[in-house]
Number of protein chains: 2
Amino acid sequence: MTGIRGEQKERTRRAILDAALSLSDGSALVALSLRQVAKEVGIVPTAFYRHFPSIEDLGMALVEESLDTLRTLLRELRRTAGDDFRSIIDGSVTVLVTQVRQDQAHFGFIARERFAGPPAVREAIARGIELAERELAIDLAHLPGTDQWSEEDLRVLSTLIVGAMVATAERLLTAGSGSDAERKVADTARAQLRMMLIGAMQWRSRPSP
Amino acid sequence: MTGIRGEQKERTRRAILDAALSLSDGSALVALSLRQVAKEVGIVPTAFYRHFPSIEDLGMALVEESLDTLRTLLRELRRTAGDDFRSIIDGSVTVLVTQVRQDQAHFGFIARERFAGPPAVREAIARGIELAERELAIDLAHLPGTDQWSEEDLRVLSTLIVGAMVATAERLLTAGSGSDAERKVADTARAQLRMMLIGAMQWRSRPSP
DNA sequence: AGTTTGGGTGTACGTCTGTACACCCAAACT
DNA sequence: AGTTTGGGTGTACAGACGTACACCCAAACT
């Protein structure tokens, strides 16, 4: 499969994906035309079909790629998790900032298409986020203090945390890299994680505030 | 200004706004064409210009309208707020569900265009949400237990709560009206509000978990 | 009663879109 | 060495797009 020909094809395919990512930034996937992408890549419009049957399929490829980097983020979060609360919180926010910066185009794509994309794309993104929530619920169950928690309570907390992290990622995309705004977003995220975990620790011992 | 003529013009203008709202549902504003809207309304394409200079301006009108219903939601939340935590939480979630259902098209529009819309639209929506955060911070300062809080802490908590409410609204849009899913989303939102407020109450007395 | 105004119409144009088709030629295979 | 394969090219066309222009006619004004 890989020869001079295979390499060249792969390179063009990547160029198409990158062009689509950069062109749809600032707008949406649906506003993308096959001809624009082809012009950006430097190929003739009809050559596009050698790689994708339609723009729709290009979109699905971008979703899968973007969800892949989302899964990388989750893996990285688990891999670097410390023992005490403080290091878990600080480490997680640092990893989040790093990964969002590293794959800004993918996270931006997810943010844009989550609600504005075609149905298949929306569903794929929703499943990706649900997966993150389920995995976090499992991790939370291993924390001290959640021994007696119901599945339901674990789900409630994990969706709360994931939601806050998604909001943080979206704010990071708006803030410039290395800016004061970025530091402020990170500080806010840390404080919010602390608040949520304090609430969680007091949860069953004091169920209603 | 209002005569038979003025009424007719207003009616057509409304029809255009409604058509745009319903046509952009399931996709995005940028995917909307002047001719589609005109056909849906039942007027000839060029007649569109009697009401809006361009599709872009139509979009801005829709944003303003949608942000108006967002402000209505905020006003309603304050108006019905009870005294104790339990009634504040339950009342707020009920109002949220009711209002989102009542103006589903507007909230859906905000969700879609928040990150996928043209820059001016994104900024307008961001300002609307920031406003909600600032107002909530003011309300939170009047709650028992937040007497000694810094401005910063109030901001951190209000953005956390607003973020969770935005996520709840987005989930409501996905869930069918009156469905089991809808009740589950509401239950989750109530539990999350309780968790966050428990965390907040323990905040300064126990700053790090 | 006569004139002006303005929302809606119909035609027309240039541009951009997706895509079908025939073709090219170097890499890959026999 | 001869043949096949497949990514890229160039031309071509029908349809949708935004929009300019001249026109219509009932409501509104004088």
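Every chain is numbered from 1, with letters handed out A, B, ... down the list of sequences.
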(message) For A:V156, is there any backbone N or O sitting under 3.5 Å from a side-chain donor or acceptor partner on A:T159?
(response) yes
(request) Could you tell me whether the side chain of B:E113 and the main chain of B:L29 form a donor-acceptor pair under 3.5 Å? (result) yes
(message) Quick one: does any side-chain atom of B:R114 pair with a main-chain N or O of A:F115 as donor and acceptor, under 3.5 Å?
(response) no
(request) Would you classify A:S54 as touching base, sugar-phosphate or nothing, given that sugar-phosphate means primed atoms plus P, OP1 and OP2, and contacts are heavy atoms under 4.0 Å? (result) nothing
(message) Rounding to an integer number of Å, can you tell me how far B:I55 CD1 sits from D:dT19 C1'?
(response) 13 Å
(message) I need the CD-P distance between B:E7 and D:dA26, as an integer number of Å.
(response) 18 Å
(message) Nearest whole Å is fine: how far is D:dT9 C1' from A:H51 NE2?
(response) 13 Å
(request) Indicate whether the side chain of A:D90 and that of A:S87 have a donor and an acceptor atom separated by less than 3.5 Å. (result) no
(message) Would you say A:R11 and A:Q8 are linked by a side-chain donor-acceptor pair, where the criterion is simply a distance under 3.5 Å?
(response) yes
(request) May I ask you to say what B:T46 touches in the nucleic acid, namely base, sugar-phosphate or nothing, with a heavy-atom cut-off under 4.0 Å? (result) base
(message) Salt bridge check, A:R155 against A:E152: does any charged N sit closer than 4.0 Å to a carboxylate O?
(response) yes
(request) Using heavy atoms to find the nearest nucleotide of DNA chain D for B:P53 and B:I4 separately, return the residue whose nucleotide is more 5′. (result) B:P53
(request) Determine which bases of DNA chain D form Watson-Crick or G-U wobble pairs with both distances under 3.5 Å, and write the result as a 5' to 3' dot-bracket string with | for other-strand partners. (result) ||||||||||||||||||||||||||||||
(request) Give the rounded distance in Å between these two atoms: NZ of A:K39 and C1' of D:dT9. (result) 16 Å
(message) Does A:R5 contact D:dG6 through a side-chain donor or acceptor facing the base, at a distance under 3.5 Å?
(response) yes
(request) Assign each of A:A47 and A:R35 to its nearest nucleotide of DNA chain D by heavy atoms, then name whichever residue's nucleotide is nearer the 5' end. (result) A:A47
(request) Could you state the atom-to-atom distance from CD of A:E40 to P of C:dT17 in whole Å? (result) 13 Å
(request) Assign A:E10 to base, sugar-phosphate, or nothing according to its heavy-atom contacts below 4.0 angstrom with the strands shown. (result) nothing
(message) If the condition is side-chain hydrogen bond (donor to acceptor under 3.5 Å, both in side chains), which residues does A:E76 pass it with, not counting sequence neighbours?
(response) A:R79
(request) To the nearest Å, give me how far apart CD (A:Q36) and P (C:dC16) are. (result) 11 Å
(message) Side chain of B:V44, heavy atoms from C-beta onward: which of C:dG10, D:dT19, D:dG10 has the nearest atom to it?
(response) C:dG10
(request) Figure out the OH/P separation between B:Y49 and C:dG10, and round it to whole Å. (result) 17 Å
(request) Let me know the distance between CZ of B:R50 and C1' of D:dA22, rounded to the nearest Å. (result) 11 Å
(request) For D:dA26, take OP1 and OP2 only and decide whether either is under 4.0 Å from a side-chain N or O of B:Q8. (result) no
